[in-house]
Amino acid sequence: MRTFFIVFAFIVVTLVGIFGFRGMTTDRRPIEVFPDMDRQPRYEPQGESSFFADGRADREPVRGTVARGQLREDDHRYRGREGDEFAAGYPMDVTASLMSRGRERYGIFCSACHGGTGDGQGITRNYGMVATPTFHSDRLRSMTEGEIYDVISNGRGLMGPYAGQISVEDRWAIVAYVRALQRAHAGSVEDVPADNRGELGL
Ligand code: HEC
């Protein structure tokens, strides 16, 4: 009999606990077992601050200073330039792993507009972005690697800049992959080494 009451009480408490207060609202705060750092003084992004003379919470880097490791002197690597010209070639070795990284990043950042094969027929064309060019024109085929890097970094015409989303290394990896798309478009099976033709499913 005692066991019965204990089990009965347990079931009642469980059922009321689960279903009893469904849909009710309360003004009381939830119980905080570990409040830790839930509440602390902080600034919202782009918020105000009465501490600084200009009233902004966001601070700019001190003028004329460079953060450690951010000097970025290498013009080819960081700006795709050599002197006043766009640089040809890559500031790093183009390896198979760089290419596959480029392929992956291209799929994420570029293919929606430029299409999986770089023909400019991405999905956004169906939604009115008809200006996306193909990479397989003579002009874009003869564009230097540095200039493609610059287009990715700073945008051009109707295309926005991607420097904020894509790291320097990844931008070069994408450049290498764009080159591969261009080469593949103008290629034939004869260009593939005999040993690798199996990978094409031939
Ligand atoms: C939101 C759509 C969109 C995305 C995403 C996009 N592009 Fe573009 N891209 C364009 C459009 C539109 C143009 C044509 C710009 C113009 O001429 O006004 C263009 C132009 C270009 C050009 C040619 C520039 C020239 O001088 O004609 C290159 C190269 C290029 N894009 C590379 C890329 C790469 C690489 C990526 C991925 C990192 C990328 N784009 C992502 C829309 C896009």
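The figures here come from the full heavy-atom set of this structure, side chains too, leaving out hydrogens, waters and symmetry mates. As the structure is a computational prediction, the values presented were derived from the model and not from experiment.
- With values rounded to the nearest 0.5 angstrom, Gln165 atom CD is found 11.5 Å from Arg105 atom CZ.
- How far CD1 of Ile11 is from CD1 of Ile6: 12.5 Å, rounded to the nearest 0.5 Å.
- Using a 30° and 60° split on the angle between ring planes, His76 and Trp172 fall in the perpendicular class, above 60°.
- Heavy atoms from other residues, nucleotides or ligands lying under 6.0 Å from CZ of Arg103 number 12 at most.
- For the pair Arg156 and Asp150, the salt-bridge criterion is met [side-chain N within less than 4.0 Å of a carboxylate O].
- Annotation: the span from Thr25 atom OG1 to Asp27 atom CG amounts to 7.0 Å, rounded to 0.5 Å.
- Ion pair Arg56/Asp54 flagged as a salt bridge, since at least one NZ, NE, NH1 or NH2 atom sits closer than 4.0 Å to an Asp/Glu carboxylate oxygen.
- Note that CE of Met129 is 13.0 Å distant from CD1 of Ile123, once rounded to the nearest 0.5 Å.
- The distance from the CZ atom of Phe135 to the CD atom of Gln182 is 7.5 Å, given to the nearest 0.5 Å.
- Remark: the backbone N or O of Ser153 is not paired with any side-chain donor or acceptor of Arg171 at under 3.5 angstrom.
- Glu169 has no carboxylate O lying under 4.0 Å from a charged side-chain N of Arg101, or vice versa, which leaves the two without a salt bridge.
- Between the Thr134 side chain and the Gly120 main chain, no donor and acceptor come within less than 3.5 Å of each other.
- Using a cut-off of 4.0 Å between Lys/Arg side-chain N and Asp/Glu carboxylate O, Glu147 and Arg81 are scored as not salt-bridged.
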